[in-house]
Amino acid sequence: MAKARELKGRIRSVQNTRKITRTMEMVATSKLKRAQDRVAAARPYAERLGEVIGRLLTPELAARYPLLRQPAAVRRAAVLLLTSNRGLSGAFNANLIREGRNLLRDLRGRGVEVELHVSGKKGISFFRYQGETLGNAVSDIGDRPSAEDAERLVNSLMDGFVAGDFDAVYVVYAKFNSALSTPPTTLQLLPVQAPEDTGRGGEVDYVLEPGADEILGRILPLYVRNGVYRALVETTAGFYGAQRTAMKNATDNAGDMLNALTRTYNRVRQAAITQEIAEIVGGAAALE
Amino acid sequence: MAAPAAGAGAMRVSVLSPEQTVYEGDATSVVAPAWNGQLGILRGHAPLMALLGEGVLRIENGRETLRFQVSGGFLQVVDNVITVLSERATAA
């Protein structure tokens, strides 16, 4: 019966694992729901902001803003990579890190000096291990990133761009298409890619208080910060989506394993019983 | 922009922050802390885009007066639809 006892132990251990992964799946599902709501709640602000900038911005004005400065040659760039603080999410962080490394390799291949900023423990520990010097490493952004978190990440980059320390700033994040599709994405943050004039509302002759250039000067930084905020929120939602999928797979696998183990256990148990009966019958026959 | 779904004398107001829609509803008058002083808006105001300073945004909807603390951002008026965008907008 030694084998049967061993199997029993393994069955119990797999059962416990399944209990844990199933709980994590449910937790991730509820956090995903909340994170998704935050992605949706961020949309009206971003849309309006893009609309207004698209409407006010004219090519003549564009040349006057430091945030829109198109450098002749990119010599120094900054990359902001968003990852999660926790794992157990399948290839989520690995995909983001790969996208980030590809971008770094691409930029460095073109002779661009790159400063890397990372948010999230997973990215930080990877690049530390690689011996990369990190410009800014933030690991205290929780599962409800705020606009202040985004500000903290991007303000130094914006200042650096305005001061001419960087000629381009990129952010690598997980775009949240759906809970199942969160492809790693690279977004050029600076110089600002002016949103298209959507033409909604037609040609309205606005009274501008103060002038268009002052308004733009004040709201362009808002637009950049909002870009990072949305990247943060989408990455968080993507993380929980990936975690839910990973935990669901783990629960399913544990179930399969449990079935196989139970079957083996029953077979062993039955074999033992059969053998015992055979022995008894054999013993009785020997006595006659 | 959609035509205002509000009744006569009313305007449509939405107050948006990066994180959420802080307020969405009707208003009979709005007083906003513009960059250079208080700015009052009633129905029929000309299309306007104004920078906001820091202060209290008051929305009067006929039943009550709502107050929001805003800091920076801007306000847009078009066809009796007012949109307030501010990085920090909280009910006060």
Side-chain angles (χ1 to χ4, degrees), chain A residues 34-35 37-57 144-151 154-155 198-233 236, chain B residues 1-5 11-25 30-42 44-55 57 68-91:
Chain A
R34 233 167 296 155
D37 290 345
R38 290 170 68 80
V39 172
R43 206 161 285 145
Y45 179 89
E47 274 171 8
R48 278 311 174 70
L49 202 51
E51 216 177 283
V52 168
I53 289 175
R55 181 154 325 145
L56 289 181
L57 200 61
R144 288 159 45 90
S146 65
E148 285 82 24
D149 290 331
E151 234 179 286
V154 77
N155 274 359
T198 50
R200 268 173 66 188
E203 284 306 301
V204 181
D205 202 5
Y206 283 101
V207 178
L208 300 168
E209 283 286 337
D213 46 349
E214 282 96 335
I215 295 183
L216 269 177
R218 292 283 288 277
I219 64 178
L220 278 171
L222 263 60
Y223 185 70
V224 175
R225 282 200 284 268
N226 187 244
V228 175
Y229 172 71
R230 292 190 65 193
L232 269 177
V233 179
T236 307
Chain B
M1 237 138 287
M11 303 174 287
R12 204 76 204 145
V13 187
S14 39
V15 181
L16 307 173
S17 81
E19 288 162 33
Q20 58 184 319
T21 301
V22 182
Y23 174 77
E24 184 135 46
V30 171
V31 179
W35 62 293
N36 58 353
Q38 297 286 311
L39 171 71
I41 296 153
L42 294 171
H45 199 287
L48 167 76
M49 244 183 248
L51 278 179
L52 295 180
E54 195 171 340
L57 170 79
F68 299 93
Q69 184 70 38
V70 296
S71 169
F74 68 95
L75 170 144
Q76 181 191 30
V77 187
V78 94
D79 290 338
N80 295 318
V81 178
I82 303 176
T83 313
V84 178
L85 261 77
S86 177
E87 276 196 317
R88 308 209 202 297
T90 47

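Letters A, B, ... mirror the listed sequences (proteins, then strands); counts begin at 1. Predicted, not measured: the structure shown is a model, and the values here were computed from it.
- Only the side chain of A:I219 comes within contact range of chain B, judged by heavy atoms closer than 4.5 Å.
- Proximity to chain B (any heavy atom under 4.5 Å) is restricted, for A:L56, to the side chain, taken from C-beta onward.
- Rounding to the nearest 0.5 angstrom, the gap separating the CG atom in B:L16 from the CG atom in A:L49 is 10.0 Å.
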Do any side-chain atoms of residues 31-42 of chain B form donor-acceptor pairs under 3.5 angstrom with protein atoms, and if so which ones, sequence neighbours left out?
none

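- To the nearest 0.5 Å, the span separating CZ on A:R48 from OG1 on B:T83 amounts to 3.5 Å.
- Taking each heavy atom of A:L222 and B:G73 in turn, the nearest pair found is CD2-CA, 3.9 Å.
- Highest contact tally toward chain A, considering only B:A50, B:G72, B:P18, is held by B:P18 [criterion: heavy-atom pairs under 4.5 Å].
- For the 3.5 Å distance criterion, the side chains of B:Q20 and A:Y45 fail to qualify, holding no donor opposite an acceptor.
- Applying the side chain to side chain donor-acceptor pair (under 3.5 Å) rule to B:E19 yields no partners; only residues at least two apart in sequence or on another chain are considered.
- When each of A:R43, A:E148, A:E214, A:R230 is scored by its heavy-atom pairs under 4.5 Å with chain B, the top score falls to A:E148.
- Atom CZ of A:R218 and atom CG of B:L52 lie 9.0 Å apart (nearest 0.5 Å).
- Within the 4.5 Å cutoff, side-chain heavy atoms of A:I215 are placed close to those of B:M49.
- The contact between A:A147 and chain B is made by backbone and side chain atoms together, counting heavy-atom distances below 4.5 Å.
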